[in-house]
Peer 1: 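Here it is, the structure in full.
One is the number of the first residue; the rest follow in order along the sequence.
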Amino acid sequence: MSVHTEIKRVTTHILQEMKNRGEKISCLTAYDYSMARIVDAAGVDLILVGDSASNVMAGHETTLPITLDQMIYHAASVVKAVKRALVVVDIPFGSYQGNSTEALRSAIRIMKESGGHAVKMEGGSEIKESIVRVLSAGIPVMGHLGLTPQSIYKFGTYTVRAKEEEEAKKLLEDAKMLDEVGAFGVVLEKIPSELTKKVSQSITIPTVGIGAGADADGQILVVHDMLGINKEFKPRFLRRYADLDGIMNEAISQYVKDVKSVDFPSEKESY
């Protein structure tokens, strides 16, 4: 007799409990059904359907070109595969910054059409009104501070943020604001580890770092980067856990050889 064990879904409440007891939160990105199924089955706590799909899936130079419709398509594909992880979806550039009404409309579309569990928005005090409006509809919001890729043309560079005292002070204030208005967590990207520690200790909600040191309450990487599918991207914070580029290249090259030499398909592989 098989015993059916129900998988306990990760919720925003569970992430909060993890922070409270000092258990680190594991996060990765995913943009399609097949990859999301693997990531979820491996035990990742939070899956981010990132607007990094713009770079990874569509080959754009920045995250800016991806549309709300495209994000919903990616998110819906991921949600179908996931049985355990919390699925957070990026609201893309231009779909929330202008005004809070547009932000709410975008967030509602993501929740209704993709089945995602929460949304992520980049920025602090300058988008507070939009964050509050989305939260007021009962939609969980994750913040994103530090290097915010949607503002890359303002920064002009992907270097570490908040090294200067003034920017560090604003980042801490923005993190406290996110905590106060009711965001369930905040991504800290490419900031000094000392600041990450300070922020994580100063707010009650979980922090998730990328290039932000070990003192964040959790860590996130782009799945294609950590699996070695992307070879071009080599920041200091990235640890490659596999060389899938090499493995896939070898497998596909072998397939090409086998087709050319009529080794494939064999008699056993024919009807």
Peer 1: Should we say atom OH of Y255 is surrounded by more than 12 heavy atoms from elsewhere, each under 6.0 Å from it?
Peer 2: no

Peer 1: Holding to side-chain contact (heavy atoms from CB on, under 4.5 Å), I want the full list of residues that pass it with T157, two or more places apart in sequence or in another chain.
Peer 2: T159

Peer 1: Can you list the residues that meet the salt bridge (Lys or Arg N to Asp or Glu O under 4.0 Å) rule with D45, with sequence neighbours excluded?
Peer 2: R84

Peer 1: Applying the 4.5 Å side-chain criterion to the ILVMFWY set and letting contacts propagate, would M57 and V49 be lumped into a single cluster?
Peer 2: no

Peer 1: Partners of A36 by side-chain contact (heavy atoms from CB on, under 4.5 Å), sequence neighbours excluded?
Peer 2: A30, V78, A81, V82

Peer 1: Could you name each residue pair satisfying salt bridge (charged side-chain N to carboxylate O under 4.0 Å, His left out) that touches residues 255-271, not counting sequence neighbours?
Peer 2: none

Peer 1: Give a yes or no on whether the backbone of A214 and the side-chain of K24 come within a donor-acceptor separation of less than 3.5 Å.
Peer 2: yes

Peer 1: Hey, any chance V79 and L68 share a hydrophobic cluster, counting ILVMFWY side chains that come within less than 4.5 Å of each other, even indirectly?
Peer 2: yes

Peer 1: E173: which residues meet the salt bridge (Lys or Arg N to Asp or Glu O under 4.0 Å) condition with it, sequence neighbours left out?
Peer 2: K169

Peer 1: Using the salt bridge (Lys or Arg N to Asp or Glu O under 4.0 Å) rule, take R109 and D69 through it: C-alpha gap first, then chi angles, then the decisive distance, then the call.
Peer 2: CA-CA 9 Å; R109 276 200 63 201; D69 285 342; 2.7 Å; yes

Peer 1: Any side-chain heavy atom of I191 within less than 4.5 Å of one from L171?
Peer 2: yes

Peer 1: What's the shortest heavy-atom distance between S26 and G43, and which atoms?
Peer 2: OG-O, 3.9 Å

Peer 1: Using atom types as modelled, flag every donor-acceptor pair under 3.5 Å from a side chain in residues 221-228 to any protein atom, sequence neighbours excluded.
Peer 2:
| residue | atom | partner | partner atom | Å |
| --- | --- | --- | --- | --- |
| D225 | OD1 | N230 | ND2 | 3.1 |

Peer 1: With sequence neighbours excluded, what pairs up with K231 under the salt bridge (Lys or Arg N to Asp or Glu O under 4.0 Å) test?
Peer 2: D243, D245

Peer 1: Under 3.5 Å, is there a donor on one side chain and an acceptor on the other for D179 and T204?
Peer 2: yes

Peer 1: Among residues at least two apart in sequence or on other chains, which ones pass salt bridge (Lys or Arg N to Asp or Glu O under 4.0 Å) with E126?
Peer 2: K170

Peer 1: Test question: given the 4.5 Å side-chain rule for I, L, V, M, F, W and Y, name all other residues clustered with I38, or answer none.
Peer 2: none

Peer 1: Can you list, pair by pair, the side-chain donor-acceptor contacts under 3.5 Å of residues 131-146, counting residues two or more places apart and other chains?
Peer 2:
| residue | atom | partner | partner atom | Å |
| --- | --- | --- | --- | --- |
| R133 | NH1 | S100 | OG | 3.1 |
| R133 | NH1 | T101 | OG1 | 3.3 |
| S136 | OG | R133 | O | 2.5 |
| H144 | ND1 | K120 | NZ | 2.6 |
| H144 | NE2 | L147 | O | 3.2 |
| H144 | NE2 | E189 | OE1 | 3.0 |

Peer 1: Assess the residue pair Q150 and Q97 against the criterion (side-chain contact (heavy atoms from CB on, under 4.5 Å)); give the C-alpha distance rounded to whole Å, side-chain angles, the decisive distance to 0.1 Å, and a yes or no.
Peer 2: CA-CA 10 Å; Q150 290 181 9; Q97 291 96 335; 3.0 Å; yes

Peer 1: Spell out, yes or no, whether V39 and M18 are grouped together once hydrophobic residues are joined by side-chain heavy atoms under 4.5 Å, including indirect joins.
Peer 2: yes

Peer 1: Which ring-ring contact (aromatic ring centres under 6.0 Å, His included) pairs, counting each pair once, include a residue from residues 53-110, with sequence neighbours left out?
Peer 2: none

Peer 1: Using a 3.5 Å distance criterion without hydrogens, assess whether the side chain of E167 forms a donor-acceptor pair with backbone atoms of E164.
Peer 2: no

Peer 1: Hey, could you give me the OG1/NZ distance between T148 and K190, rounded to the nearest 0.5 Å?
Peer 2: 12.5 Å

Peer 1: If we ignore hydrogens and angles and just use 3.5 Å, is the side chain of N55 paired with the main-chain N or O of E61 as donor and acceptor?
Peer 2: yes

Peer 1: Would a hydrophobic clustering, with Ile, Leu, Val, Met, Phe, Trp and Tyr connected at side-chain separations under 4.5 Å, put F155 with Y158?
Peer 2: yes

Peer 1: In this structure, would Y31 and V208 fall into the same cluster of hydrophobic residues linked by side-chain contacts under 4.5 Å?
Peer 2: no

Peer 1: Is there a donor-acceptor pair under 3.5 Å between the side chain of D40 and the backbone N or O of K83?
Peer 2: yes

Peer 1: Rounded to the nearest 0.5 Å, what separates atom CG in L46 from atom OG1 in T29?
Peer 2: 11.0 Å

Peer 1: Do side-chain atoms of S106 reach the backbone of S95 as a donor and acceptor pair under 3.5 angstrom?
Peer 2: yes

Peer 1: One pair to check against side chain to side chain donor-acceptor pair (under 3.5 Å): S77 and D32. What are the steps and the verdict?
Peer 2: CA-CA 5 Å; S77 305; D32 66 89; over 6 Å; no

Peer 1: Strictly distance-based, threshold 3.5 Å: is any side-chain N or O of S54 a donor or acceptor partner for the main-chain N or O of T62?
Peer 2: yes

Peer 1: For D51, is there any backbone N or O sitting under 3.5 Å from a side-chain donor or acceptor partner on D90?
Peer 2: yes

Peer 1: For E194, look at atom CD and say whether over 12 heavy atoms of other residues, nucleotides or ligands are found less than 6.0 Å away.
Peer 2: no

Peer 1: Can you see which heavy atom on T207 is nearest to which on S200, and at what distance?
Peer 2: OG1-OG, 2.7 Å

Peer 1: Residues two or more places apart in sequence or in another chain: which of them pass side chain to side chain donor-acceptor pair (under 3.5 Å) with N20?
Peer 2: Q16

